[in-house]
Amino acid sequence: MAELKKFLIRRILTFVPTIIGVTLIVFLIAYVIPADPAKAWAGGEKASPEAVERIKERYHLNDPWYAQYIFLVKGIATNTLIDPRTSNPVLDDIRDRFPVTFQLAIIAFIFTLIIGIPLGLISALKRNSIVDTIVRIFALIGVSTPVFWLGYLLIFVFFVKFRITNLAGVPPTPATQITHVPIIDALLTGEFTLFKQHLARFWLPGFVLGFMGTGVLARFVRNSFLEAISGDYIEFLKAKGVPKLKIYRHALKNALVPIVTVLGLQFGGLLGGTPITETVFALPGMGSYAIQSIQNLDFPVIVAITFIYALIYVTANLVVDILYAVIDPRVRY
Amino acid sequence: MQEEYKKNIFDKIADKLVYGIASFISLFKKDWKAKNKSKMEEWRLMLYALNRSPPALIGVFLVIIFILLGIFGPRLATWRYNYFPSLYTMNFTQVVLAPPGSKAYLEFANTTITYPLGADHFGRDLLSLILSGARTSFVVSIIVISLGVPLGIVLGLIAGYKGGKVDELLMRITDMFLAFPALILAIALSAVLPERIQGFIESHVLLQKFVLWIFALDTREAGNLGRLLSVILAMIIVWWPVYARITRGSTLTEKEKLYIEAARAIGLSSWTIMFKHILPNIIGPILVYITLDFGSVVLMEAGLSFLGLGATPPIADWGRIVYDGAQYFPKAWWLVFYPGLIVMLVALGWNLLGDGLRDVLDPKTRRSIEFKVKKAKGEGEENA
């Protein structure tokens with residue numbers, strides 16, 4: 001266990017420079033913003049020069065780059081960066097929208113898992129059969145389908161034709177919050193009508209977002225399962241006369257290691273897909289908020305959201321790496 | 001029992017293709033063809049192997065169509081992307097969001113316009129828009145791949161081969177970029193870059209003319225180039241880190257091999273070793289990635305313009321047509337359905353081709369196919 005501890009400490013230490021790097025890139029993004037937004041924030045062409053000057057002062061737009069960098073990092077860290085449009089602290093606005101995005105990503109992830117893993121196992125067990133070919137083509141179609149197109153297609157089928165999904169508004173959050181993810185809270189506190197409402201609203205966008213990764217995961221599960229099952233220890237188990245199902249259980253355990261990695265990568269893909277999915281399904285999450293703030297030239301929000309997305313992604317990767325080390329003792333180098 | 005294959009029509013095309021490429025190289029390098037017989041044979045066998053996989057052939061077919069559309073699309077279009085039929089008629093309902101298959105008479109222009117795939121909210125013909133949009137998608141994917149990928153490969157080679165501090169520095173920078181979900185970084189960059197790029201492009205008239213020409217745009221679109229180019233730059237910035245990491249990984253294993261040690265022992269410079277000896281040996285898997293990524297670039301570009309970034313109307317762009325048409329959904333379903341369908345087909349084509357290439361370039365799966373082909377070839381020669 002001592003080795004695991006060492007690994008964790010080293011891994012968490014590399015986390016810090018990555019985050020600093022992320023803030024640097026975010027700053028570069030902010031730095032190439034021309035000084036004009038000050039005028040837009042002050043109210044366009046009719047804005048008085050003093051107001052523009054005041055805004056420039058407040059957002060340190062005239063200061064040298066290091067001062068701007070410190071201002072930005074400090075603003076995000078202490079939540080004092082103010083959205084010039086809504087006059088709220090940027091992180092407060094993001095916090096209101098975060099649960100929607102998170103819930104969407106979780107549901108998409110669940111879809112990816114419950115479709116992808118069985119599909120992969122079936123195509124591994126029926127290797128080089130019709131089923132295998134179909135899964136392969138399904139995987140390729142999955143990565144080739146534009147999220148927005150699939151979204152509108154399914155809206156047409158499930159909303160316009162059959163009316164089995166809800167597309168308006170977002171159901172309220174349950175009164176008692178435990179995990180701050182509404183759908184899980186509703187389930188935990190026993191508010192089943194609310195849970196049903198959330199499910200009716202989120203299942204379709206979740207499926208659309210998860211669709212892209214499903215086929216990829218299936219192919220990956222297939223390959224790593226096949227690799228695991230061709231190991232020498234499997235031959236040994238067969239020779240020993242262990243029943244088939246038990247052998248599969250052993251193989252699955254070994255196949256799990258690479259699958260965990262690919263799941264971590266998929267999570268990044270899911271996060272990246274949220275702006276498009278939220279725009280198609282009119283969900284008020286972080287992604288659609290970013291798009292709105294781009295249309296309003298609301299750059300502090302873009303900067304903060306980009307940072308938050310990167311933070312989530314880097315943290316997810318950290319968790320994956322730790323899981324990886326816990327599952328497989330060989331990686332604790 | 002082993003299956004036997006006869007040379008089919010695609011194999012003959014492959015023969016011609018390899019011969020053509022070899023002759024082309026021979027124009028510049030004397031006796032190349034005579035010296036590289038075995039290499040030509042290898043290429044030919046790879047193409048034969050590719051011909052044995054129907055999905056890969058479908059991929060080749062779709063990709064060729066995409067390339068042809070990209071080159072000739074704007075010329076094939078019956079109407080220019082900036083021809084607004086609603087300006088030429090008093091009867092707007094006839095042209096605005098006209099359903100597929102309808103016709104309209106434009107009294108001021110004295111022409112009849114047919115809409116095979118319907119019309120958008122300006123009464124523009126959707127088929128012509130999709131054909132013109134092919135150029136945008138095609139040029140964007142070519143530029144992003146041809147600038148982003150070599151940058152990543154060169155940095156990856158240097159990091160992997162030099163090692164030490166250089167490696168550490170380059171890889172930390174790569175990690176920073178890889179810490180963002182790709183689309184999020186692309187969104188942020190293409191949101192903040194346009195004004196600077198617009199300023200740059202306006203001060204370089206020649207470059208501006210060139211860009212307008214490759215995108216097949218009218219000169220009055222010069223004011224919108226900044227947004228289009230910012231998407232390209234954003235995607236290049238997003239694209240290189242992946243290649244840097246892949247290349248570094250394969251360089252690390254490759255440079256330990258004996259032939260590199262030999263090359264170093266006879267005193268070749270690091271640049272020669274990197275680009276003439278290591279690169280050709282690791283390029284196979286990278287080629288597969290490049291093929292797959294052509295599809296990803298087309299998808300991401302469509303996604304970005306669907307979010308309202310990049311190409312601005314009236315520039316024809318597949319994602320942008322969906323963005324503008326979505327507000328009339330589901331009534332004007334064709335504005336969402338057809339552009340999305342073509343994006344999917346193009347991405348699918350590149351993915352099928354990449355998947356097929358992976359099988360061909362993977363020695364394990366290739367050998368079995370090759371043996372069969374070789375056998376068939378031997379027979380063919382006997383008959384001849």
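Numbered from 1 within each chain, the chains take letters A, B, ... in sequence-line order. Scope of the values below: all heavy atoms of this structure, side chains included, with no hydrogens, waters or symmetry mates. In this text, all values refer to a predicted model and were calculated from it rather than measured experimentally.
Heavy-atom pairs under 4.5 Å with chain A peak, among B:Gly340, B:Ala347, B:Pro339, at B:Gly340. The candidate with the highest count of non-hydrogen atom pairs below 4.5 Å against chain B, out of A:Phe267, A:Tyr152, A:Phe159, is A:Tyr152. The choice from A:Val22, A:Thr18, A:Ile25 that makes the most heavy-atom pairs within less than 4.5 Å of chain B is A:Ile25. Ranking B:Ala191, B:Gly319, B:Ala186, B:Ala182 against chain A, the residue ahead of the rest is B:Ala191, based on heavy-atom pairs under 4.5 Å. The residue among B:Phe177, B:Trp333, B:Phe306 with the most heavy atom pairs within less than 4.5 Å of chain A is B:Phe306. Top candidate by heavy-atom pairs under 4.5 Å with chain A, chosen from B:Val322, B:Asp175, B:Leu189, is B:Val322.
Other residues, nucleotides and ligands place more than 12 heavy atoms under 6.0 Å from the OH atom of A:Tyr69. Counting non-hydrogen atoms of neighbouring residues, nucleotides and ligands closer than 6.0 angstrom, the OH atom of B:Tyr289 reaches no more than 12 such neighbours. Around atom CD1 of A:Ile130, no more than 12 heavy atoms belonging to other residues, nucleotides or ligands sit under 6.0 Å away. A 6.0 Å sphere centred on CZ of B:Phe61 holds no more than 12 heavy atoms belonging to other residues, nucleotides or ligands. Surrounding CD of A:Gln295 are more than 12 heavy atoms belonging to other residues, nucleotides or ligands, all under 6.0 Å away.
Between the side chains of A:Ser144 and B:Asn351, at least one donor-acceptor pair of N or O atoms lies under 3.5 Å.
Taking CZ of B:Arg172 as the start and OG1 of A:Thr14 as the end, the distance is 7.5 Å to the nearest 0.5 Å. Interatomic distance, CG of A:Leu140 versus CG of B:Asp355, reported as 4.5 Å (0.5 Å rounding). Going from atom CD1 of A:Ile276 over to atom CG of B:Leu307 covers 5.0 Å, rounded to the nearest 0.5 Å.
For A:Thr145, the parts lying under 4.5 angstrom from a heavy atom of chain B are both the backbone and the side chain. Both the backbone and the side chain of B:Leu341 have a heavy atom closer than 4.5 Å to some heavy atom of chain A. Using a 4.5 Å cut-off between heavy atoms, A:Val143 touches chain B through backbone and side chain atoms alike. For A:Pro17, no part sits under 4.5 Å from any heavy atom of chain B, backbone or side chain.
Taking both residues in full, the closest heavy atoms of A:Tyr313 and B:Ala179 are given as CD2-O, 3.1 Å, listed atom of the first, atom of the second, then distance. Nearest heavy-atom pair, A:Pro146 versus B:Val343, reported as atom, atom and distance to 0.1 Å: CG-CG1, 3.5 Å. The nearest pair of heavy atoms linking A:Tyr309 to B:Pro181 is O-CD, 4.2 Å.
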Using the rule given for side-chain contact (heavy atoms from CB on, under 4.5 Å), can you reason through A:Ile29 versus B:Leu193, listing the C-alpha separation, both sets of side-chain angles and the distance that settles it, and then say yes or no? CA-CA 8 Å; A:Ile29 292 170; B:Leu193 288 171; over 6 Å; no
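By the 30° and 60° cut-offs, the orientation of the rings of A:Trp149 relative to B:Phe337 is tilted.
Residues B:Leu183 and A:Leu271 fail the side-chain proximity criterion, which asks for heavy atoms closer than 4.5 Å. Put simply, the side chain of A:Leu150 does not reach to within 4.5 Å of the side chain of B:Met344, judged on heavy atoms. Side-chain atoms of B:Ile184 and A:Pro275, non-hydrogen and from C-beta on, do get closer than 4.5 Å to each other.
Partner B:Ile187 forms a side chain to side chain contact (heavy atoms under 4.5 Å, CB included) with one of A:Ile305, A:Ile291, A:Ile302 and no other, that one being A:Ile291.
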